Amino acid sequence: MRGTSELAAADRRHLWHPFTQQEAWCGDDEPLVIDHAEGTRLFDTDGNAYLDGVSSLWCNVHGHRHPTIDQAVRAQLDRVAHSTMLGLTHEPAIALAEALVAIVPAGLSRVFYSDSGSTAVEVALKMAFQWWVQQGERGRTGFICLENAYHGDTLGAVSVGGIDLFHSLYRPLLFESHTTPVGDADRLETLLRAHADHTAAVIVEPLVQGAAGMLMQPAGYLRQVRELCDAHDVLLICDEVATGLGRTGRMFACQHEDVTPDLLCLGKGLTGGYLPLAATLSTEPIYEGFLGRAEELRTFFHGHTFTGNPLACAAAVATLEVFERERTLELLQPKIELLTRSLAQRVAVLPGVKEVRQRGFMVGIELAGGDSPGSLGHQVTLAARRRGAIIRPLGDVVVLMPPLSISEADLLRLVAITASSIAEVGIGRLPMAA
Ligand code: PLP
């Protein structure tokens with residue numbers, strides 16, 4: 001096996017990393033090369049262990065190398081690794097669809113697979129538009145989205161995005177959408193009054209806007225959005241790519257406000273964070289709007305090569321089984337409370353911490369006082385790494401999103417490392433060593 005330096009050099013020769021300024025990447029200290037993982041720990045090629053404080057980009061649920069999920073993927077590998085969903089079907093896809101329909105908000109009954117959160121959103125946007133066309137309404141070409149929204153990086157998803165840093169450059173390539181401030185139902189109603197006739201859907205990240213920096217929505221807002229969509233006859237798409245699969249303390253964020261969207265997007269944690277798989281779920285009326293004879297061309301002409309990949313579906317079925325068998329959501333509740341308490345005691349009190357935002361196992365710690373935007377977040381990340389935790393900021397918001405399976409001891413350690421890392425970068429006094 002090649003050593004760390006050799007791997008790092010080869011990385012810098014050939015790789016192009018996502019959301020990364022390559023000039024800095026190639027100039028910085030040697031990158032961390034992850035070799036293997038176990039539970040909530042990642043290990044680098046030199047054998048150092050790190051707590052996975054952001055669930056490998058918000059997707060790990062039950063820990064790494066969970067025996068049930070490992071076994072499900074291995075067993076599926078002995079049957080078939082990939083077979084298409086175009087014109088054929090297979091048991092893992094069927095079993096997963098059954099399992100999902102049993103747990104999502106009542107009324108969602110159809111599962112369309114794709115392979116990333118972005119594609120789950122593209123599918124939802126295209127379905128919404130085409131459904132209206134097939135209802136005889138060709139003018140429903142617009143969408144309404146929230147300020148600071150993030151729904152992925154493909155062009156449809158970017159069209160309903162509201163994070164200037166990521167999105168504004170691409171405006172000339174995008175379709176038009178109307179943006180509304182979060183939490184202001186009156187403004188949404190005004191938009192709907194003016195534009196409902198040419199709006200296909202309102203799209204929201206329910207309860208928490210993750211990539212915007214873990215921005216929390218006021219209680220009751222999601223329900224108001226649902227009611228306004230109903231009143232103005234516009235579809236509602238809930239993007240639960242980040243909030244779904246237990247992150248907010250319930251299986252789906254929509255369930256906190258008893259909301260069933262017309263289309264629900266899932267990704268990230270669907271396979272326990274093992275393999276790329278996403279799903280867009282629809283209600284029966286949406287699905288029925290696509291039925292007809294082949295020559296009527298009401299078919300949803302969309303599908304990716306790896307749509308519904310059997311290995312990924314097997315991992316997802318096992319992930320849902322583990323939720324039940326290990327009573328993940330029940331055991332999560334005291335951990336959420338512990339997290340709230342320890343953030344209040346150790347982090348919120350630090351100078352330089354502007355705000356601590358938390359919903360379930362989604363945490364954003366906003367820092368203030370850096371020289372340039374994002375510098376504090378970056379420095380805290382590096383300091384945390386030296387102390388044995390992997391975290392990744394969103395600008396100057398330090399994000400904590402550990403696997404739901406994390407032990408109470410490791411959860412406290414993650415908060416302690418975060419606190420002492422914030423202190424180390426010079427905006428706070430040094431608290432007790434982690
Ligand atoms: N939607 C939301 C709410 C997300 O947070 C993300 C990713 O962070 C996406 C969509 C895009 O998912 P992916 O990165 O799998 O394309």
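Atoms within a ligand are numbered from 1 in the order they appear, just like the ligands themselves. One-based numbering along the sequence shown. Since this is a predicted model, take the numbers as computed values, not measurements.
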Check: Glu408 side chain, Lys335 main-chain N or O, donor-acceptor pair, under 3.5 Å: no

Parallel, tilted or perpendicular: ring planes of His178 versus His195, cut at 30 and 60 degrees: parallel

The one among Gln209, Lys268, His151, Glu240 that brings a heavy atom closest to atom 7 (C) of ligand 1: Lys268

For ligand 1, the portion of Trp58 having any non-hydrogen atom under 4.0 Å away: side chain

Which ligand 1 atoms does [X] reach within 4.0 Å, using its non-hydrogen atoms?
X      : result
Ser118 : 11 (C), 12 (O), 13 (P), 16 (O)
Ala242 : 5 (O)
Asp239 : 1 (N), 2 (C), 3 (C), 10 (C)
Gly117 : 11 (C), 12 (O), 13 (P), 15 (O), 16 (O)

Check: Ser56/Asp52 side-chain N/O donor and acceptor closer than 3.5 Å: yes

Glu205-ligand 1 polar pair, N/O distance under 3.5 Å: no

His62/Phe323 aromatic ring centres below 6.0 Å: yes

Atom 6 (C) of ligand 1 [closest protein heavy-atom partner, distance rounded to 0.1 Å]: Tyr150 CE2, 3.5 Å

Taking atom 9 (C) of ligand 1 as the reference point, the nearest protein heavy atom with its distance: Val241 CG1, 3.7 Å

Check: Val182 and Leu215 side chains under 4.5 Å, non-hydrogen atoms: no

Pairwise side-chain contact, Gln76 with Val73, heavy-atom cut-off 4.5 Å (strictly under): no

Given Leu51, Leu400, Ile365, Ile417, the one that forms side chain to side chain contact (heavy atoms under 4.5 Å, CB included) with Ile391: Leu400

